[in-house]
Amino acid sequence: QEGSTLQQVQQRDELNCGVNTGLVGFAAPDASGNWTGFDIALCRAVAAAVLGDPNKVRFVPTTGQTRFTALSSGEVDVLARNSTWTFSRDTDLALDFVGVNYYDGQGFMVNRELGVTSAKELDGATVCIQTGTTTELNLADYFRANNLSYTPVNIDSNAEGEQQYMAGACDAYTTDVSGLAATRAAFADPENHIILPEIISKEPLGPAVRHGDNNWGDIVRWTLNALVAAEEYGVTSRNLEELVRSSTNPEVQRLLGTTDDLGAMLGLDAEWARRAILAGGNYGEIFAANIGEQTPIGLARGLNAQWTQGGLLYAPPFR
Amino acid sequence: MSDTHAQTVSFVRDTMLPAATPPVREAGAIKWLRENLFSGPVNTILTLLGFAIVWFLIATFWDWFAHSVWNAGSLAECRQIIAATWGESARGACWAVIRDRWNQYVFGFYPMDLYWRPTMTFGLLMVALAPVLFSASRTIRRTVLAITAVLTLWAMVVLGAPAGWLAFAAAVLIGGFLISERHVLWLLPFSIVYPLLGVWFLWGGSLWGPIFVLVGPLLGWIAWTLVSRIAPMLGVVAAILVTVLFWLLYAGDAAADAERLLSLSIQTVRSDRFGGFLLSVTIGVAGIALSLPLGIILALARQSDMFLVKTLSVIFIEFIRGVPLITLLFVASLLLNYFLPPGTSFDIILRVIIMVTIFAAAYMAEVIRGGLAALPKGQYEAADALGLDYWKAQRLIILPQALKISIPGIVSTFIGMFKDTTLVTFVGLYDPLKSMSDAVRASTDWKGIYWEPYIFVGAIFFLICFGMSRYSMYLERRLQRDHR
Amino acid sequence: MTDVPAPASPPFRPSMLIYDRRYRSLTFQVIVFILVMAAAWWLVDNTIRNLALMGKNFNFGFLFQRAGYDIPQTPIPYTSDDTHLRATVVGLLNTLIVSILGCISATILGVIVGVARLSKNWLFARLMTVFVEIFRNMPLLLWILIVYAIFTEILPTPAAYRGENPEWSMIFFDHVALTNRYTALPTLAMTNDPGSLDLGARVTFNWATIAFATVLIGGLLARRAIKAWAQRVQDRTGDRPTTWWINLAIMTIPSLLLIWHFGLHLERPALTGFNFTGGLNVSNALVALWLALTLYTAAFIAEIVRAGILAVSRGQTEAAFALGLRPNRTMNLVILPQALRVIVPPLISQYLNLMKNSSLAIAVGYMDLRGTLGGTTLNQTGRELEAIVLMMLIYLILSLIISAGMNVFNASVKLKER
Amino acid sequence: METIERKIDRSQMKVSDEVAIDIRGMNKWFGSFHVLRDIDLTVHRGERIVIAGPSGSGKSTLIRCINRLEEHQSGHISVDGVELTSDIKNIDKVRSDVGMVFQHFNLFPHLTVLENCTLAPIWVRKVPKKQAEATAMRFLEKVKIPEQALKYPGQLSGGQQQRVAIARSLCMQPKIMLFDEPTSALDPEMIKEVLDTMIQLAEEGMTMICVTHEMGFAQAVANRVIFMDQGQIVEQNSPREFFNNPRSERTKLFLSQILGH
Amino acid sequence: METIERKIDRSQMKVSDEVAIDIRGMNKWFGSFHVLRDIDLTVHRGERIVIAGPSGSGKSTLIRCINRLEEHQSGHISVDGVELTSDIKNIDKVRSDVGMVFQHFNLFPHLTVLENCTLAPIWVRKVPKKQAEATAMRFLEKVKIPEQALKYPGQLSGGQQQRVAIARSLCMQPKIMLFDEPTSALDPEMIKEVLDTMIQLAEEGMTMICVTHEMGFAQAVANRVIFMDQGQIVEQNSPREFFNNPRSERTKLFLSQILGH
Ligand SMILES: Nc1ncnc2c1ncn2[C@@H]1O[C@H](COP(=O)(O)OP(=O)(O)OP(=O)(O)O)[C@@H](O)[C@H]1O
Ligand SMILES: Nc1ncnc2c1ncn2[C@@H]1O[C@H](COP(=O)(O)OP(=O)(O)OP(=O)(O)O)[C@@H](O)[C@H]1O
Ligand SMILES: [Mg+2]
Ligand SMILES: [Mg+2]
């Protein structure tokens, strides 16, 4: 295999990024085929960091089946497809999850009319579930652990799941809470559907790269960290130019490459993080623009707030 | 008792009777009804049942169709319009979604300013097909080509094609029309280069790529002429070898070098931009064009008296026919990368086309084998006795006849394959039926719309497939009549 | 006049490898063999290197790990604690269930439509033509999706059966409930349960089932015996005794006795909580897939049947009529036996297609072989190479079994010719 | 021709006065095409009638009307006193009394020769199988192929197949036999064996109507030759008169074509 | 027969001493069935040989061995000095020197008559198209159907088709012509036109081997008649001797059957 992933990407002058085939808010093509979403923004940030242009990305839609193969076979350089970081995927599947860009958990959505307020009351229910995901395993485990019975209705895509749920073909729809929120947001009557309080699993979603190319892993990891750190330090796409000139915070200076050429350690130039942040803003900006409370998806920051705000986002120091 | 009875009945007719009209017992329409609908108790029951079915279908779907809305920006708006026009409880079809997402259904995510390119490619396809498909009838050819030319040029103007390309398309379409009027077979060279032109138009990039792809078979042909003097069969092997080696080893670099010397590029459009019917038709046409020759080779191999060749082709054909297409598509999307040298990864559409081709070719081989088997042995013997070698006999005598016999089977394989292009949805491509409809439904505007996309896509598939099967029936009848 | 075959071959020269017909074909085969071997070696070598690069190996051990996921429809007992292997078997059984059901119903419908297309009734024949053309010329996937959509959109949720004055009521004397999730059917229950036969691996057969199967098979054998007896009587006297009432008795009375013995009765499904319980809930995924496969395949079968009947020349009917045979006898004795020979081979390849097409189950989430082994298992274990190879092998074996059946049939009915 | 003439024992072939088939003013149309026009024909028991005429003149249609393979639209046909109407009983009666041999044999390819011959006796006449088989073997012997009884029709030559077809008809013990160009699908070597069989039948006094172009057969066996053209009976006469002294212009033309080479 | 005899100008038909075909001790098996046994046959340039014999005696197989449509297993065949082995070059050479006419014509139905005739010259002999067409027209004129050149074989009568087949062979300018029962699939009216064509060829001195049952043709044209039975040459002689004075018992039996009716 000639060269590292970085070299390959630079030679190709394009980043191949594996994404979901269509999950509004995270990754979906619009009517003219432009991809937008939370995961998309991360891809663009990496492309900006590595190639200098956030648009030099090719989005490869992957299904639940094809995503990991696409990555391990080299079809994509990075997989940013709301995939859960699990032990076996990290080890047995020979992937490297380089961080978490969204802390999620699996939940249930039910129709308000059912009068159900807790997942424990779902005994005997019919539950719609997307095949081939960790949610399938979590669901089985949860109901077993609580000694409840259920009938799964396997569905093949999110759109199909919504359809089934809306028609009442299942009592509950289960997937990651973020997905539930996104789905509910698109309903004509969101107020009639509630997301139950139980979160039955930990779903750290994050970008993954192939095992073995640590340098490339570092690049993706630190691009993500740069976005998170940028928010922590108040670096936004709007004030970035100014901070480059005026910031006195040494951490910010190192992040933006005005002192200490950290980029060289990654094999990039000094301004890599600037470009990554400029691509779509810092983590907070990306969140707000794609899935935040102002968007139809309407997700609160919750666990995904900075550690300083009581969340779990915690970028290691740039030094 | 006598043997002379005959004398007593001896009879000669002097005046011939004129033909009379049949006795008319009832008026025409009533007679027809009685004969065709009510000719017995069972028939009467069947007729009533038939009417019941028709009535049920009409009663169920009529107001839904009657209350169609063609112009709205979202499903909610549609429902408002329906409620406003036909009352609160009225149901109605919201065809506005097709109108709204027409481009997406037809072109997928192809860049909007380049829509004229697929349009032109499709228009030129008709010219390329003229000598192959429409050679049988001058009227049909004239109609098809004229309509194609007008429609294509009109669509290109509407879609804002650059003047240069417009002129090019006009030249080819009108030129093709004129040439086909004189001698349709003169268009064959165009048919041969068309696949490469088509690829170039659709995907863009440098023209040198297709040119050097074309150089491969050219070199192969040279090798064949040289070697086949020694032995024709070795000639074929050499030709294939030379072609493949050239493609693998030199074509890429040569094209890149040439491009550096003289740039012949148009804007590149990547595979992930393909979707909707553009994707189906691209995969379908490519699969059809490639599976036919492959199928012929497989069929000949299966008919061969060389044990090894025969066994290999039997194994191949039976294996492919024994597994579902969807598993082969999985192979394309999941496993092909295992089988290729590490680090190579090529276009998913191309991989899918390869698998679809292989799949169709196995079926095609069986169809053609049937045609070969139907030929009388005398044809082979006559060819032998005239001194034609194997390849010439196949090319000039056997295949033309076998293919004609197999036309119905070939076309139904094509139809099956075209329908199967919808399965690419399972490997993440945007087929018009499922992926595209899911994508449309994922947007807030059209969430919850269900029937209309399916009916629309189904209707288009029906038109194409039904048209193909009718045309093949026409062709079959025509060929039968031709040589009698 | 000797009969000794002694063909002596001329001495070998290297140029004969190319010029001599016999050796040339040998040469060619050797070249082909080398090329094929080289290609195979190339593929295998690539695979090995790729596996090494990805840090994977080719190993079916994953089949014995815990599967961890649930399957909606399990013909044999299965829980998420079972292995992937068992999940695979469940998937395979689900594939077989929908395939067999589909083959049966598609054949029945196809024969009816095919014969109806030949009917003298203009309206009915046209309707059938429309049916055939519509179903043949649109993708199967579309039909699966549409049928499934009809089920989910038009049928009610179980909740519609709730309350004093429910919006929907159960059909067949309150025994069957149609919902947009499943069809709730009554189950058979016994007051004298004879216990079960354990086949190991948690596969059990109730003795009552076995008893019924025995009675059924016995009945069929008895029917054959009676038919043979009727034939003998006819051979002897020329008159064929009427046997339908004996047959009816044989087929029903022992079963009725068994029902009485085991105290067999129907247990109605009842709406408890979210769903109907106490009955057999046949998921709409199965029903929709089955229906779509049936309709789609029936359209093809109808054409085959029609062609088969048309293939029996008009002269055969005329000859039979001229001999004084009545139309129904002509059909049974002359037309059908001949038409079957024409119909059965393409019919069986339709069965093959149906079996392969059932892999589209994924579209409605029916967990067949593709959904278990080629879906969730593949996905959870990441063993795509092994899973897909195994899945293709299983499909291939099923296909080969079906075609072997076809070959046996073909050989047995082949017309004797000169 | 000589050989045939010589062999035949005309003394056996008596014609009775009983009427076997009576056709009066019969007309038939295919759609609006008038195939048979005003046919009048009386056939007596024991008569051997040959029908000749150019292609498309309605010969086949005429004899197919006699056992109701085609329906006539006006006029009357009665066979053995049974009038052919759409009454099924009458049709059944007539069909079991009238045997028919087709140009293309129309043997049932999925049954052995013996089964071909016993099928109708067993299912229509309800004859016990043993007895049906015995009868069948007798007739197979008569047509000189008892040894082929267990073969399938596809394994026989054309001439043998046609003889089986004749035997099959005879097994129903018909009173009248219809032949529709029984030899025209045969190779020349096989024509003779089939004609021989037919001559034998004639000698035994079977009432026969035969559409054929074998003029030698007509001269030797027929006691009446009927010439049809454009759906009409143009001339009928004894074979001698017919061949030596044709009276109608059309007949002359036809004979000159047939016997021309 | 008379007509044929009269027309022929035997003076033209010279037999040279040159050997055209030489078969020595040739044997052939189909599987374990010994079809041809120890065949020895020498044909001189200009000779016209008729092969007769009962069905299945190996006549077709023999002449098909001559242009290697069948492979012999022992013995030697040489045609025009070229020994037939499995060497392709030799086979090609022989085949382009030997024309063959089949019982069932085997014309190519998808090509016009003219294309049928020009196909082999163009593709095998690499004759320019114009020239090939001119030659073809010449031979079509010779077989008296130039006006049918642009029709398809399916539109011609059997006799015309067989004449096209002869013309097609002639277009390759063969030195030897093989005929395998060229008239036996023809209707009687058409036999004569084909025989006439063959006679004309014979008169022009073509070397011919002809399997046929047309004894009139044999008497008129052949200078040798070969009688085969059970894969062996049982008798060969001049036609006059052969017909008037057959020596072997089997020949006598055969002749009595053939000329019997
Ligand atoms: N089922 C039919 N429908 C319409 N026309 C028919 C039908 N059968 C026969 N005809 C027409 O009726 C005419 C007489 O046919 P028929 O077969 O009786 O002629 P034929 O004298 O037996 O001729 P041949 O010697 O060719 O058998 C022909 O013109 C034929 O085309
Ligand atoms: N390809 C073959 N395989 C096996 N046996 C064959 C083959 N071709 C011919 N035979 C047998 O070889 C014998 C001679 O056949 P051939 O065709 O040469 O006879 P023939 O003298 O030409 O007879 P006919 O007059 O019927 O044409 C026959 O018994 C035939 O069954
Ligand atoms: Mg007729
Ligand atoms: Mg022969």
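Treat the numbers as computed from the prediction; the structure is a model and nothing was measured.
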Undergrad: With a 4.0 Å cut-off on N to O distance, would you call E/Arg45 and E/Asp80 a salt bridge?
TA: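 Yes, charged N to carboxylate O under 4.0 Å.
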Undergrad: One thing to verify: whether B/Glu318 and B/Arg302 come together as a salt bridge, which I'm taking to mean a side-chain N less than 4.0 angstrom from a carboxylate O.
TA: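 Salt bridge flag = yes for B/Glu318 with B/Arg302.
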Undergrad: So, the side chain of E/Arg163 versus the backbone of E/Val143: is there a donor-acceptor pair under 3.5 Å, distance only?
TA: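 Answer holds: yes.
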Undergrad: Which atoms of E/Val101 are under 4.5 Å from chain B, going by heavy atoms: the side chain, the backbone, both sets, or neither?
TA: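 For E/Val101, no heavy atom lies under 4.5 Å from chain B.
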Undergrad: Heavy-atom pairs under 4.5 Å with chain B are the metric here; pick the option from E/Arg168, E/Met172, E/Lys151 that has the most.
TA: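 Highest number of pairs under 4.5 Å: E/Arg168.
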Undergrad: Could you tell me whether E/Arg95 and E/Asp97 have a side-chain N and a carboxylate O separated by less than 4.0 Å?
TA: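 A salt bridge is absent here (no side-chain N lies under 4.0 Å from a carboxylate O).
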Undergrad: I'd like to verify something: which residue of E/Arg64, E/Lys93, E/Arg68 has the highest number of heavy-atom pairs under 4.5 Å with chain B?
TA: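 Among the listed options, the one with the most contacts to chain B is E/Arg64.
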Undergrad: Heavy-atom cut-off 4.5 Å, strictly under: side chain, backbone, both or neither for E/Phe102 against chain B?
TA: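 The side chain, not the backbone.
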Undergrad: Between E/Arg138 and E/Glu133, is there a salt bridge with N-O shorter than 4.0 Å?
TA: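 Salt bridge between E/Glu133 and E/Arg138, a charged N being under 4.0 Å from a carboxylate O: no.
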Undergrad: Heavy-atom cut-off 4.5 Å, strictly under: side chain, backbone, both or neither for E/Leu156 against chain B?
TA: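 For E/Leu156, neither part sits under 4.5 Å from chain B.
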Undergrad: Against chain B, work out which of E/Leu119, E/Thr112, E/Ile91 has the most heavy-atom pairs shorter than 4.5 Å and name it.
TA: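 Most pairs with chain B among the choices: E/Leu119.
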Undergrad: Taking the six-membered ring for Trp, are B/Tyr194 and B/Phe190 parallel (under 30°), tilted (30 to 60°) or perpendicular (over 60°)?
TA: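 It falls in the tilted class, 30° to 60°.
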Undergrad: Chain B heavy atoms under 4.5 Å from E/Arg125: which part of the residue, side chain, backbone, both or neither?
TA: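 Interface part for E/Arg125: neither.
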